[in-house]
Chemist: 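Below you'll find the structure I mean.
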Amino acid sequence: MMKVLDTKLCLVLSVLCSVHFLVQFSHGGEDTIHRSQFPEGFLFGTSTSSYQIEGAYLEDGKGLTNWDVFSHTPGKIKHNDNGDIADDHYHRYLEDIELMSSLGVNAYRFSISWARILPRGIYGGINAKGIMFYNKIIDNLLLRGIEPFVTMHHHDLPQELEERYGGWLSPLIKRDFVHFAKICFESFGDRVKYWTTINEPNLFTEMAYVRGTYPPGHCSPPFGNCSVGNSDAEPLIAMHNALLSHAMAVHLYRNHFQAKQGGTVGIIANTFMYEPLRDEECDRLAADRALAFIIAWVFDPLVFGDYPIEMRNILGSRLPRFSSNEKSLIKGSLDFIGMNHYSTLYVKDCSCSACSSACSPAGDHAIRGFLETTGFRDGIPIGDLTGMPRFFVVPRGMEKIVDYMKTRYPNMPLFITENGYSAPPKQDAALHDFLQDFDRMKFHKAYLAALLRAIRKGADVRGYFIWSLMDNFEWVDGYGTRFGLYYVKRQTLERIPKISVKWFSSFLNFSTLTLENDLSKQDLKEQI
Ligand code: NOJ
């Protein structure tokens with residue numbers, strides 16, 4: 001008798017739960033969002049970068065980049081993958097633009113391969129075929145009402161600049177970058193209204209010069225054991241040169257192009273949110289320091305003219321100084337802020353003896369701001385796991401990081417230039433598993449809802465770009481980590497829409513989401 005009752009109860013409960021889930025997902029859930037709730041003129045787009053999708057690595061006059069060389073070095077990239085072919089976007093750009101057009105986006109963020117335009121940097125001529133390629137992309141986007149949002153440097157650098165003078169470690173990079181930027185403004189600036197100079201200088205300097213996992217692979221103990229490098233000094237030098245390169249390019253744009261072309265220029269940083277690991281003052285201060293050491297490191301100089309005081313206090317004279325001329329050049333050299341946001345981490349203080357027990361040797365380092373970050377508290381992750389070990393699903397972090405940026409940099413327009421999800425690896429996953437990406441869809445709905453809360457509190461956010469249009473070369477992780485709305489079959493390079501394509505295009509194309517246009521009933525049933 002009891003057993004029969006139990007079974008009936010279970011059945012009733014599971015039906016109730018399914019109905020609740022269905023209602024949550026389609027109509028009334030607190031994460032229900034509509035495009036029309038976002039500000040007038042808001043950009044909704046997808047994001048990619050040249051090395052990660054283009055392929056054609058030695059075609060039509062392109063020069064070698066640091067990533068071509070690095071990915072060809074055995075053991076550097078998972079499964080020794082490389083970007084030689086990538087998604088073959090170089091030949092399939094029209095098909096890809098069609099995909100975006102059918103999605104209904106009004107913007108597309110992509111990057112220009114420096115070595116496709118200037119195969120040898122300043123030491124050689126302009127590659128006309130490279131210019132032609134990006135002209136075709138820009139023209140075809142505009143024909144379909146899609147705004148080009150262009151990044152000039154997204155990790156890939158002409159190898160010649162690395163070999164001649166050490167790339168970002170040398171002040172000579174500034175002259176080279178401005179030369180490249182000038183050609184971009186001259187060639188594309190009549191049609192491009194949104195420029196960003198450099199993608200994630202705070203991430204690539206960490207990977208390239210602290211950990212040594214990006215080219216040129218420099219590091220020193222306790223961060224790693226590379227044959228070359230100084231993890232305490234080089235990231236600071238590379239960032240200094242990157243910030244000045246940015247500012248010089250903006251100066252050029254403002255003096256020679258902006259009045260005529262009417263565009264704007266920003267820079268993009270990697271922006272994690274940070275929360276104290278323990279409910280203690282020293283961890284709260286450490287979380288604030290993490291924001292300063294990782295995010296304000298990029299934006300304080302460009303908005304206020306100098307590095308954050310939190311960094312100067314700890315690093316002293318090891319932190320490079322801007323001359324007074326440089327200060328006036330960099331201060332205010334931003335029309336908008338670009339933020340790549342994926343996740344939130346806990347922060348633990350390593351500076352005061354009462355709190356800092358069991359910090360790793362790296363956490364004990366000044367360059368890190370005497371702090372350590374982790375995704376776990378007492379073994380429990382801060383949010384659902386993803387395909388990236390340090391990315392957890394923490395939607396509240398989106399609201400918090402936008403609040404932080406709004407408070408620290410009042411009046412700066414903000415763009416979320418990347419936000420995306422890759423699923424945790426699954427043994428023997430079949431195509432079906434990749435295409436039924438309900439978790440990606442839930443991720444974007446929750447993060448967009450959090451973004452909306454920040455906008456309603458007054459943040460001037462003007463755009464949101466999903467990383468990424470399609471699965472692509474995920475740097476050291478190669479092709480195994482998939483962030484795309486479209487699945488890319490590696491053997492044929494066919495693009496196959498995942499469920500999240502249906503959701504995103506419904507979101508973009510209908511002002512009110514109902515069960516019918518949010519997702520088909522069938523999709524929801526499959527999920528339940
Ligand atoms: C940020 C980088 O800009 C992009 O290149 C990368 O693929 C994504 N994060 C995901 O890790």
Side-chain angles (χ1 to χ4, degrees), residues 45-55 65-68 70-71 77-78 81-83 86-87 89 108-114 149-157 168 196-208 211 213-215 239 242 246 266-273 294-295 298 337-345 375 385-394 397-398 401 415-425 437 439-440 443-444 447 463-488 500:
T46 55
S47 200
T48 64
S49 89
S50 48
Y51 188 72
Q52 294 178 274
I53 63 165
E54 282 180 9
T65 69
N66 55 341
W67 270 95
D68 292 319
F70 191 73
S71 65
I77 312 290
K78 208 168 180 176
D81 287 346
N82 61 50
D87 288 343
H89 175 72
Y108 172 47
R109 175 177 167 238
F110 62 99
S111 76
I112 293 182
S113 164
W114 190 337
F149 196 107
V150 180
T151 298
M152 285 182 258
H153 177 263
H154 194 125
H155 301 351
D156 50 349
L157 179 80
W168 292 104
T196 59
T197 51
I198 303 175
N199 179 68
E200 296 193 342
N202 54 345
L203 179 109
F204 88 72
T205 51
E206 161 86 16
M207 299 307 209
R211 302 191 207 182
T213 51
Y214 280 16
M239 176 65 90
H246 159 90
I267 194 168
I268 295 172
N270 176 280
T271 59
F272 273 84
M273 183 60 206
I294 299 167
I295 301 173
V298 180
I337 281 175
M339 303 164 58
N340 292 348
H341 177 74
Y342 292 81
S343 189
T344 297
L345 291 171
L385 306 182
T386 73
M388 305 282 280
R390 287 172 63 81
F391 287 12
F392 301 83
V393 181
V394 191
M398 173 67 95
I401 192 67
F415 287 88
I416 306 300
T417 37
E418 285 181 31
N419 176 235
Y421 174 83
S422 67
D437 63 338
D439 286 344
R440 175 170 291 104
F443 173 95
H444 284 293
Y447 272 71
Y464 173 89
F465 293 79
I466 288 184
W467 184 273
S468 177
L469 171 65
M470 54 195 164
D471 298 336
N472 57 48
F473 178 81
E474 180 51 34
W475 307 115
V476 290
D477 291 334
Y479 294 101
T481 302
R482 295 175 174 270
F483 275 94
L485 294 174
Y486 282 85
Y487 179 89
V488 177
S500 53

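Keep in mind it's a predicted model, so treat the numbers as computed, not measured. All ligand and atom numbering here is 1-based and tracks the order in the structure.
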Chemist: Does any N or O in the side chain of Ser49 come within less than 3.5 Å of the main-chain N or O of Ser111, such that one atom is a donor and the other an acceptor?
Modeler: no
Chemist: Is the shortest distance from a Lys or Arg side-chain nitrogen in Arg109 or Glu418 to a carboxylate oxygen in the other one below 4.0 Å?
Modeler: yes
Chemist: Are Tyr214 and His155 close enough that some pair of their side-chain heavy atoms sits under 4.5 Å apart?
Modeler: yes
Chemist: Checking side-chain hydrogen bond (donor to acceptor under 3.5 Å, both in side chains) between Asn340 and each of Asn202, Asn270, Thr417, which is the one that passes?
Modeler: Thr417
Chemist: Mark yes or no for whether Tyr479, through its side chain, and Asn82, through its backbone, hold a donor-acceptor pair below 3.5 Å.
Modeler: yes
Chemist: For ligand 1, what is the set of protein residues having any non-hydrogen atom at a distance below 4.0 Å?
Modeler: Gln52, His154, Asn199, Glu200, Asn340, Tyr342, Met388, Glu418, Trp467, Glu474, Trp475, Phe483
Chemist: Run the ring-ring contact (aromatic ring centres under 6.0 Å, His included) test against Phe415 and tell me which residues pass, sequence neighbours left out.
Modeler: Phe149, Tyr194, Phe336
